[in-house]
Amino acid sequence: MTVNVNRYKCGYCGACVGVCPVGALELVETWIEVDNTCTSCGVCAKICPVGALVVVK
Amino acid sequence: MKNKYDVIVVGAGPAGSITAKTAALGGLDVLLIEKRQEIGDPVRCAEGVSKEGLKKHIQPDPRWIAAEVKGSKILAPDGTEIKMSEEASSGKAGYTLERKVFDRALAQQAAMAGAEVMVKTRATGLLRNNGKITGINAMYMGETQEIKADIVIGADGVESKVGRWGGIDTSLKPQDIETGAQFLVSNIDPGEYSRFYMGEKYAPGGYLWVFPKGKNTANVGLGLLGSKSGNVRAITLLENFIKNYMPEAKILEMVVGGVPVSGPIKQTIADGLMLVGDAARQSDPLTGGGIINAMDAGKMAGEVCIRAKEKGDYSVKTLKEYEDKWRATIGKELSKSLAVKNMLLKLTDEQLNQLAHSLKGIDTSKMPLPLVLPILFKKNPKILWELRTLFV
Ligand SMILES: Cc1cc2nc3c(=O)[nH]c(=O)nc-3n(C[C@H](O)[C@H](O)[C@H](O)COP(=O)(O)OP(=O)(O)OC[C@H]3O[C@@H](n4cnc5c(N)ncnc54)[C@H](O)[C@@H]3O)c2cc1C
Ligand code: SF4
Ligand code: SF4
């Protein structure tokens with residue numbers, strides 16, 4: 001389970017990191033990293049201001 | 001770099017830089033780290049501050065003041081205008097900053113006060129000894145190192161991890177975050193007031209703003225409540241607004257970001273740990289403003305660092321002074337704003353229009369929001385009944 005980050009859309013704002021309930025995301029300078037604790041809950045994808053995240057089940 | 005400090009501050013935004021400056025002025029050994037290679041950039045802010053709030057911390061400097069505004073105008077969904085805060089005595093009336101320069105100036109003040117500063121340095125975890133926090137792991141140029149400290153300050157903004165590492169769950173629910181997009185636009189008339197547009201068509205569960213940013217330019221952006229985001233996106237709403245209402249605008253910069261609007265969270269300290277600013281979710285739930293609160297909290301936390309060092313005690317027993325102090329000041333305001341925000345969320349555009357109409361004939365132009373609210377309440381007790389406890 002994970003989320004795909006569209007790097008060409010992402011504005012590296014960190015909002016998704018702030019809402020992830022399990023802390024699976026990290027903003028490193030200009031990109032988002034997803035670790036293996038992601039539960040595909042979809043909260044990050046919902047709130048991303050530009051729609052750069054897509055949940056993969 | 002030393003391998004042991006009194007205080008390590010994670011994040012060089014307004015919260016972190018003021019904490020570091022305050023503690024360093026008190027004679028403490030302070031390290032301020034920032035994961036970005038450029039402090040302040042990219043910006044994720046509309047850059048509006050009140051003059052009064054700002055001047056508590058730093059003398060205004062033309063290098064980072066982009067524009068001065070006369071006051072605020074709130075626009076109801078039908079276009080009815082309410083003027084407020086002309087005396088610049090409250091709220092957003094005041095300045096539009098150039099945060100890229102402002103954030104750097106604050107970090108420089110921390111440096112001049114004696115703090116060490118490291119950029120491109122990212123905290124990746126907390127060090128512990130027998131459960132006690134003893135510092136951080138930090139990555140600089142691809143290499144991880146251990147840096148020790150008696151107190152770690154989480155000033156790491158909306159994406160804060162420091163609290164979570166320390167056992168404080170700071171994760172935000174969709175209804176606890178405004179998800180925003182903004183363009184710096186040119187070729188427009190910015191006017192002399194900060195403008196706030198209310199209504200579903202602009203920004204469901206939030207508002208759209210136009211903040212003058214100097215000749216022919218303005219920050220035009222909007223925040224939409226996270227729980228309303230998904231099928232609509234902040235960026236799409238903003239693009240539509242520009243197309244429909246500002247077709248002449250030329251876009252010079254794009255900003256995206258999230259602001260915590262949860263109101264006070266339960267816990268912001270642990271043994272050897274304090275959270276400040278957006279990391280402590282101290283931004284205002286109603287306006288989304290967080291710069292001044294972050295600086296105020298940073299000052300309080302820095303002072304408590306000094307006290308802790310004097311006592312030689314870094315446990316919650318000493319750090320509780322910070323928690324108590326911010327709750328009694330910033331926290332109170334956040335709770336009020338949260339109540340008003342929750343109320344506004346329930347109102348239809350038609351009801352918002354009614355509220356605006358009820359102020360016809362009343363000169364609110366010199367009043368800050370806290371004075372306008374009771375008037376609104378008196379005139380519209382039915383619509384605003386849930387807020388009555390705020391005014392007794
Ligand atoms: C679209 C938008 C508009 C806004 N408009 C306004 C406004 O008009 N007025 C206002 O007052 N407020 C506004 N805000 C809110 C304001 O931007 C924040 O409240 C303010 O920046 C909080 O300051 P801070 O120091 O707590 O956090 P930040 O300014 O976010 O600073 C946190 C810093 O920590 C760094 N960091 C994070 N993690 C790590 C790590 N692991 N290691 C090292 N460094 C790290 C980050 O890179 C960042 O530089 C707005 C926010 C948004 C998103
Ligand atoms: S919320 Fe969206 S734009 Fe912001 S960092 Fe996450 S993926 Fe990127
Ligand atoms: S889908 Fe849920 S668990 Fe996975 S990264 Fe997004 S918010 Fe975190």
Side-chain angles (χ1 to χ4, degrees), chain A, chain B residues 11 34-38 41-45 119-120 122-124 139 156-161 163-165 169-182 221-239 254-260 262 278-279 281:
Chain A
M1 285 188 275
T2 189
V3 284
N4 276 343
V5 188
N6 185 339
R7 285 197 185 187
Y8 305 104
K9 253 190 183 179
C10 170
Y12 35 95
C13 69
C16 52
V17 182
V19 297
C20 176
V22 297
L25 299 174
E26 170 85 340
L27 171 62
V28 185
E29 296 241 346
T30 54
W31 69 91
I32 289 289
E33 287 180 353
V34 192
D35 73 22
N36 58 16
T37 59
C38 170
T39 63
S40 289
C41 73
V43 177
C44 58
K46 180 177 172 61
I47 66 91
C48 172
V50 296
L53 297 166
V54 180
V55 176
V56 187
K57 296 251 181 194
Chain B
E34 169 54 53
K35 69 180 172 186
R36 302 170 177 189
Q37 56 187 22
E38 293 173 50
D41 195 30
V43 169
R44 29 186 201 198
C45 186
V119 295
K120 212 174 169 66
R122 180 170 57 97
T124 56
M139 185 187 270
D156 45 344
V158 68
E159 77 259 45
S160 179
K161 284 286 181 73
R164 298 186 194 220
W165 295 330
D169 180 12
T170 54
S171 67
L172 295 161
K173 304 213 161 44
Q175 66 269 26
D176 292 338
I177 190 168
E178 291 281 338
T179 151
Q182 171 180 280
L222 60 87
L224 140 91
L225 198 64
S227 50
K228 311 231 176 195
S229 168
N231 295 329
V232 283
R233 299 278 169 197
I235 190 74
T236 326
L237 289 170
L238 181 60
E239 284 165 350
M254 176 170 154
V255 165
V256 290
V259 203
S262 56
D278 277 13
R281 310 324 191 192

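Reminder, nothing fancy here: chain letters follow the sequence lines and each chain counts from 1. Scope of the values below: all heavy atoms of this structure, side chains included, with no hydrogens, waters or symmetry mates. The model shown is predicted, which means the values in this text are computed figures rather than measured ones.
In plain terms, the two heavy atoms of B:Pro174 and A:Val43 that are nearest each other are CG-CG1, 3.8 Å. When all heavy atoms of B:Val256 and A:Cys13 are compared, the closest pair comes out as O-CB, 3.2 Å. Heavy atoms only, all atoms of each residue included: B:Glu159 and A:Leu27 are closest at OE2-CD2, 3.6 Å.
Neither the backbone nor the side chain of B:Glu178 comes within less than 4.5 Å of any heavy atom in chain A. Residue B:Thr170 touches chain A through its backbone alone, counting heavy-atom pairs closer than 4.5 Å. Neither the backbone nor the side chain of B:Met139 comes within contact range of chain A; no heavy atoms are under 4.5 Å apart. Contact of A:Cys44 with chain B is not made at all, since no heavy-atom distance falls under 4.5 Å. Contacts between B:Pro260 and chain A at a heavy-atom distance below 4.5 Å are absent for every atom of the residue.
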Should A:Val50 and B:Met254 be marked as a side chain to side chain contact (heavy atoms under 4.5 Å, CB included) after you check the CA-CA gap, both sets of side-chain angles, and the distance that decides it? CA-CA 11 Å; A:Val50 296; B:Met254 176 170 154; 4.0 Å; yes
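Taking B:Arg164, B:Arg36, B:Lys120 one by one and counting their heavy-atom pairs under 4.5 Å with chain A, the maximum is reached by B:Arg164.
Distance alone, capped at 3.5 Å, is enough to place a donor-acceptor pair between the B:Ser229 side chain and the A:Lys46 backbone. In this structure a side-chain-to-backbone donor-acceptor pair under 3.5 Å is missing from B:Lys35 to A:Glu29.
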Donor-acceptor contacts under 3.5 Å from residues 14-26 of chain A side chains, at least two apart:
{"residue": "A:Glu26", "atom": "OE1", "partner": "B:Lys161", "partner atom": "NZ", "Å": "3.0"}
{"residue": "A:Glu26", "atom": "OE2", "partner": "B:Arg122", "partner atom": "NH1", "Å": "2.5"}

